[in-house]
Amino acid sequence: MGAIVKWAIGGAVVGVIYWMFNYKDVDFLVALFLGAGVGIMIRKWLFRVFWQ
């Protein structure tokens, strides 16, 4: 479970960085949760594809 949390935090950081450059178009919490969700999805996909 720890690895998924790390990827979620990393994705949230990327979402916040994206929000910093597009703050007029994107809500902060949307960018935060979208980044975390994408980070988790990428981690699960990488695990499924490469570490079976």
Side-chain angles (χ1 to χ4, degrees):
M1 190 66 172
I4 290 178
V5 172
K6 289 178 191 175
W7 278 81
I9 292 170
V13 169
V14 171
V16 168
I17 292 170
Y18 175 77
W19 172 82
M20 285 171 35
F21 292 103
N22 298 297
Y23 62 91
K24 293 180 181 175
D25 299 328
V26 181
D27 188 39
F28 175 75
L29 290 177
V30 171
L32 185 74
F33 287 116
L34 187 63
V38 169
I40 291 171
M41 286 187 281
I42 289 172
R43 195 273 181 193
K44 285 184 171 278
W45 177 80
L46 285 173
F47 190 78
R48 187 177 68 234
V49 170
F50 295 109
W51 289 288
Q52 287 187 354

message = Check for me, please, whether Val13 and Trp19 land in the same ILVMFWY cluster - side-chain distances under 4.5 Å, paths through other members count.
response = no
message = Are Val14 and Phe21 connected into the same hydrophobic cluster when the rule is that any two of I, L, V, M, F, W, Y join if their side-chain heavy atoms are below 4.5 Å apart?
response = no
inquiry  = Which residues pass the side chain to side chain contact (heavy atoms under 4.5 Å, CB included) test with Leu46, not counting sequence neighbours?
reply    = Trp7, Ile42, Phe50, Trp51
Solution key, residues 24-35 side-chain donor-acceptor pairs under 3.5 Å, sequence neighbours excluded:
none

message = So, using ring pair (Phe, Tyr, Trp, His ring centres under 6.0 Å) as the criterion, who are the partners of Tyr18 when residues are at least two apart?
response = none
